[in-house]
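Each chain gets a letter, A, B and so on, in the order its sequence line appears, and its residues count up from 1.
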Amino acid sequence: MKKLILIDGNSILFRAYYATAYPGATLMQTSKGEYTNALFAFVNMFTKIVTNGEENVLVAFDTSEPTFRHLSYDEYKAGRKEMPAELAEQIPRVYEYVRLMGIKAYCKGGYEADDIIGIYATEASSKGIKVDIYSSDRDLLQLVSDNVTVNLLKKGMQEVSSYTPKTLFDEFELTHNQIIDLKSLMGDSSDNIPGVPGVGPKTATTLLKQYETLENIYEHIDDIKGKVKENLINNKELAFMSKKLVTIMTTGNLDYTLDEIKREETNYPELVSFLQKYELHSLVKQLEQPTVKVEWDYNVIETEEQLKTILKDNAAIHFEFSEENYHLADIWGIGYFDGEKSFFIDKELLKTNTLKDYLKSNKIRKQTYDFKAAKVNLLWKDLDFNNCSFDLLLAAYLIDSHYGKEEFKYIVSKFNYDDVEYDDLVYGKGAKKGLPEEKSVYQKHIVSKARAIYLLREKLITELKNENQLYLLEELEIPLSNVLAKMEFQGILVSKEELHKQKITLEERINNLTNEIITLAGKDFNIASPKQLGEVLFEDLNLPHAKKNKTGYSTNADVLLKLKNDHPIIPLIIEFRELNKLYTTYIVGLEGVIFEDGKIHTIYKQALTTTGRLSSVDPNLQNIPTRTEEGRQIRKVFVASENKYFLGSDYSQIELRILADMADVKALQEAFNNKRDIHSETAKAVFDIDGDVKSEQRRAAKAVNFGIIYGIGAWSLSEDLNITPKEAQNFIDKYLGVYPEIKKYMEDIVEFATKNGYVETLVKRRRYIPELKSTVFMQREFGKRTSLNAPIQGTAADIIKIAMIDLDKYLEQNNKESKLLLQVHDELILEVPESEIKEMEEIVPKIMSNAYDLKVKLEASCDTGKTWYDI
DNA sequence: TGCGTCACG
DNA sequence: ACGTACGTGACGCAA
């Protein structure tokens with residue numbers, strides 16, 4: 001042994017506790033209420049001390065048993081406050097942590113932690129072993145010697161002062177041997193050691209500089225003068241007793257020999273699950289070291305014969321595509337890893353029954369990254385892909401919903417896996433993106449992804465299991481992935497005639513508007529440019545400008561609406577804006593994404609939103625206009641196939657129902673269960689109305705109901721309702737008075753989020769909210785609002801996902817021709833043959849309302865028609 | 001590429 | 001004094 005680290009566990013634990021338990025602080029707790037603040041801070045300090053795995057370390061603790069010090073001096077450590085229960089309960093956890101690190105945590109009756117350290121330090125030092133002691137207790141300075149360094153942790157936890165004989169002398173002007181005598185003279189209030197009354201550090205140091213030791217001081221007591229001499233003589237016994245008390249043992253009978261202090265291997269899996277159990281996720285991340293690079297190679301599979309020998313159950317398979325839009329993308333390669341061997345499978349083999357059957361099989365499990373992408377692409381090739389047992393993208397998304405936006409490399413790096421390259425580095429980016437010349441470069445890259453999937457599976461599954469989220473992966477997201485793949489592939493038919501008709505009409509109207517606007521403005525300019533428009537309105541026409549933004553005048557709809565009567569150009573611009581939006585985004589936009597089959601095939605991003613909702617891209621079919629009649633016309637472009645009808649079914653007030661359930665709002669529950677109009681009901685309660693509710697009052701109540709879901713603010717409510725912020729605040733107060741459970745829920749959820757750093761839905765989908773820890777006020781406020789909103793929005797997302805899975809199952813099991821086409825957050829759109837309309841009108845809303853049991857019943861409406869406009 | 005704008009739930 | 005409700009995607013402009 002070359003080096004030994006001795007840690008004063010008690011001292012560090014106290015520091016750790018009080019560093020995070022300052023007055024007014026909320027102590028860190030797990031969701032079950034176990035305190036973890038000291039454990040957390042202890043681990044942080046500990047990992048700074050014990051950096052690599054090579055040192056021999058012992059952590060010494062006190063016991064509650066009295067030592068010879070208590071026995072020889074009644075007042076020893078008297079007056080010390082008892083350890084807070086919040087700290088005491090964490091001690092076993094700290095022991096466990098140290099043990100899992102592969103390090104001995106040791107205490108023994110009759111010995112203080114100091115003594116254990118003193119004994120081992122002395123023994124090691126005598127054998128020429130260098131010793132590092134860590135504590136915040138200055139008493140330990142007496143152990144400093146040529147071989148023993150004492151490191152004292154300073155208040156901020158950040159700094160450490162190291163004491164060697166030299167630095168000790170520099171600071172105290174005394175040798176390390178004199179530290180005991182110093183303490184004996186000056187005493188120590190924290191341990192209730194008396195010392196010599198009237199003698200403080202100054203006097204003690206002066207005396208010791210002259211006489212070296214306590215004993216020698218008394219031998220020369222007559223050389224000393226005045227009050228000091230008197231004090232010394234009167235308290236000689238106290239001085240020598242103090243010396244006994246402050247002297248740390250250097251010999252004793254301990255249970256381990258030095259050799260037995262050898263460090264063992266850290267048990268990483270157990271340590272990770274220990275830290276996860278106590279919800280110390282940031283520590284899990286810090287703790288993990290990058291995995292050791294393993295050298296690996298792969299074989300290229302080019303024949304069916306070779307293929308037959310490698311395909312196994314539950315291997316990882318990765319399809320790499322030429323484009324993000326995977327519908328008709330080229331397959332750049334197929335990576336495959338069975339846990340031992342790595343392969344690159346030639347895509348030509350997709351023509352073989354061996355590969356077709358393997359992919360399609362419901363018996364053979366496959367592990368993937370973005371199962372849906374592969375399935376959709378294969379469906380276009382008239383192949384199928386089934387039985388996904390694990391999907392890395394979905395699993396990572398469930399662990400942290402912020403990960404889903406990121407690329408493969410980033411995601412795996414979050415789980416400390418770095419044996420994958422950045423896509424950009426392999427394929428280039430932008431216009432230059434393409435397969436590199438060198439085959440082995442991209443082949444290896446694609447195979448490396450399959451390896452990552454396989455090698456990370458266990459870890460992610462364990463993490464999900466620990467947080468009770470495995471259900472979400474295996475019973476919700478993966479099955480949903482399969483449903484979404486079918487919906488995307490199915491697509492929705494558009495009428496090119498209708499599209500063209502609307503295009504012509506819009507073009508003409510926009511042209512006319514443009515001419516009129518230019519005439520009124522008196523000069524030619526680009527109306528679609530907010531910058532140019534702002535200049536025309538607020539400089540040329542001198543209209544009053546209210547708001548400004550970073551780049552100039554604001555010209556948004558709100559501003560324009562307020563100027564409506566100030567100039568005849570304004571209504572024209574409002575209309576231009578509306579029509580231009582419809583034209584560019586919806587008419588021209590949709591025209592450009594029609595496939596050869598005459599349909600539009602969107603892509604649902606399943607791992608993107610932080611709340612658990614889906615998003616729809618290429619094109620976005622979740623924001624097709626409906627609020628204005630003009631815009632709603634666009635929906636006539638989407639038509640049912642021949643002899644089929646659209647069936648739309650949407651949840652009624654699902655988010656408010658979830659709020660009524662989660663916050664346990666009795667009045668809301670009752671209103672919902674009696675199928676009353678929820679906004680009128682709210683208006684009645686808030687305005688204390690008996691009879692009819694005026695539409696204005698209902699509107700106000702509706703605004704607050706919505707506001708609550710978003711994390712209401714008086715200012716925005718006042719904007720929304722055109723009242724003063726003060727009136728809005730009154731309104732909110734009244735509302736919360738009527739529904740006190742909501743007030744409580746809002747407070748509780750923010751407290752939970754602040755304490756735990758995340759919020760969750762009814763089925764444990766989690767959203768971390770780091771903004772709550774921000775030092776920026778606005779950021780923290782944002783964090784609070786999302787804490788309120790995410791569980792509600794997320795639960796609604798969970799419920800409709802369950803409904804989709806249930807519905808798909810029903811359709812499959814009963815061999816129905818009806819197909820799910822679209823999901824728009826709280827509504828489902830199906831294409832139904834005439835023969836199934838009646839059944840579906842009954843079954844779809846039923847499955848939707850039965851998807852999840854809340855304290856209030858879920859209701860879903862139902863409509864059918866030939867175009868989307870009609871439902 | 002970032003911004004402003006506006007479409008949806 | 002700050003800036004103002006949650007979650008999205010697509011467009012055109014301007015740099």
Exercise. Can you tell me how far P in C:dG3 sits from the matching atom in B:dC3, rounded to whole Å?
Worked result: 15 Å
Problem set entry | Carboxylate-amine/guanidinium proximity below 4.0 Å for A:K744 and A:E741 | no
For this session: Please work out if A:A728 contacts a base, only the sugar-phosphate, or nothing of the nucleic acid, heavy-atom cut-off 4.0 Å.
Result: nothing
For this session: Among the candidates B:dC8, C:dT4, C:dC13, find the nucleotide nearest to the side-chain atoms of A:N526.
Result: C:dC13
For this session: Verify the contact: side-chain N or O of A:R627 to OP1 or OP2 of B:dG9, cut-off strictly under 4.0 Å; return yes or no.
Result: yes
For this session: Measure from the side chain of A:K581, starting at C-beta and using heavy atoms only, and say which of C:dA5, B:dA7, B:dG4 lies closest.
Result: B:dA7
For this session: Ignoring backbone atoms, test whether A:T555 places a side-chain nitrogen or oxygen under 4.0 Å from the OP1 or OP2 oxygen of B:dT5.
Result: yes
For this session: Give one of base, sugar-phosphate or nothing for A:R780, where a contact means two heavy atoms less than 4.0 Å apart.
Result: nothing
Seminar exercise, completed: Quick note, A:Q532 side chain, CB onward, closest among B:dA7, C:dA14, C:dC11 is C:dA14
Problem set entry | Nucleotide nearest A:Y710 (side chain, heavy atoms from C-beta), chosen from B:dG9, C:dC2, B:dT5 | B:dG9
For this session: Figure out the CG/P separation between A:D558 and B:dT5, and round it to whole Å.
Result: 10 Å
Seminar exercise, completed: Mate of C:dC2 across any strand shown (Watson-Crick or G-U wobble, both atom pairs under 3.5 Å) is none
For this session: Please answer whether the main-chain N or O of A:L647 pairs with a side-chain N or O of A:T864 as donor and acceptor at a distance below 3.5 Å.
Result: no
Exercise. Between B:dG4 and C:dA5, how far is it from one P atom to the other, in whole Å?
Worked result: 15 Å
Problem set entry | Atom-pair distance (CD on A:E578; P on C:dG12), nearest Å | 17 Å
Problem set entry | Proximity to the side chain of A:L608 - top-ranked nucleotide from C:dT8, C:dG12, C:dA5 | C:dT8
Exercise. How would you label the contact of A:G707 with the nucleic acid (heavy atoms, under 4.0 Å): base, sugar-phosphate, or nothing?
Worked result: base
For this session: May I ask you to verify if any side-chain N or O of A:R577 is less than 4.0 angstrom from the OP1 or OP2 atom of B:dG4?
Result: no
Exercise. For atom C1', what is the distance between B:dC6 and C:dA1, given to the nearest Å?
Worked result: 31 Å
For this session: Look at A:E781 together with A:K784 and state whether they make a salt bridge at an N to O cut-off of under 4.0 Å.
Result: yes
For this session: State which of C:dC13, B:dA7, C:dC11 makes the closest approach to the side chain of A:T584.
Result: C:dC11
Exercise. What is the nucleic acid contact for A:I709, judged by heavy atoms within less than 4.0 Å: base, sugar-phosphate only, or nothing?
Worked result: nothing
For this session: Grab the CD1-C1' distance between A:I587 and C:dC11 for me, whole Å please.
Result: 14 Å
Exercise. A:H327 pairs by ring-ring contact (aromatic ring centres under 6.0 Å, His included) with which of A:F595, A:F321, A:F489?
Worked result: A:F595
Problem set entry | Separation of atom CZ in A:F706 from atom C1' in B:dG9, rounded to whole Å | 8 Å
Exercise. Between A:R767 and A:E760, is the closest basic N to carboxylate O distance under 4.0 Å?
Worked result: no
Exercise. Does A:Y710 have A:R785 sitting over its ring (NZ/CZ under 6.0 Å from centre, angle to axis within 45°)?
Worked result: no
Exercise. So which nucleotide does B:dC6 pair with, by the Watson-Crick or G-U wobble rule with both distances under 3.5 Å?
Worked result: C:dG9
Exercise. If you look at every strand shown and take non-hydrogen atoms under 4.0 Å, does A:A557 touch a base, only sugar-phosphate, or nothing?
Worked result: sugar-phosphate
Exercise. Just wondering, more than 12 heavy atoms not from A:K846 lying within 6.0 Å of its NZ?
Worked result: no
For this session: Count the heavy atoms of every other residue, nucleotide or ligand shown that sit under 6.0 Å from NE2 of A:H402, and state whether that count exceeds 12.
Result: yes
Exercise. To the nearest Å, how far apart are A:F731 CZ and C:dA5 C1'?
Worked result: 15 Å
Exercise. Between A:R785 and A:K531, which has a closest nucleotide on DNA chain C that is more 5'?
Worked result: A:R785
Problem set entry | Protein-nucleotide distance (A:D798, atom CG; B:dG9, atom P), rounded to Å | 20 Å
Problem set entry | Spacing of A:W868 atom CH2 relative to B:dC8 atom P, expressed in whole Å | 11 Å
For this session: Taking all non-hydrogen atoms of both residues into account, name the closest pair between A:K743 and A:L736 and its distance.
Result: N-CD2, 4.0 Å
Exercise. With rounding to whole Å, what would you report as the distance between B:dA7 and C:dC2 at their C1' atoms?
Worked result: 30 Å
Problem set entry | A:R765 and A:E477 ion-paired at < 4.0 Å | yes
For this session: Could you tell me the separation between the OH atom of A:Y397 and the P atom of C:dG7, rounded to a whole number of Å?
Result: 12 Å
Problem set entry | Selection from C:dT4, C:dT8, B:dC6 that lies nearest to any side-chain heavy atom of A:N556 | B:dC6
Exercise. Looking at DNA chain B, which of residues 609-626 of chain A put a heavy atom within less than 4.0 Å of it?
Worked result: A:R613, A:Q622, A:N623, A:I624, A:P625, A:T626
For this session: Kindly say if A:Q793 contacts the phosphate of C:dT8, meaning a side-chain N or O under 4.0 Å from OP1 or OP2.
Result: no
Exercise. Is A:Y604 touching bases, backbone alone, or none of the nucleic acid, heavy atoms closer than 4.0 Å?
Worked result: nothing
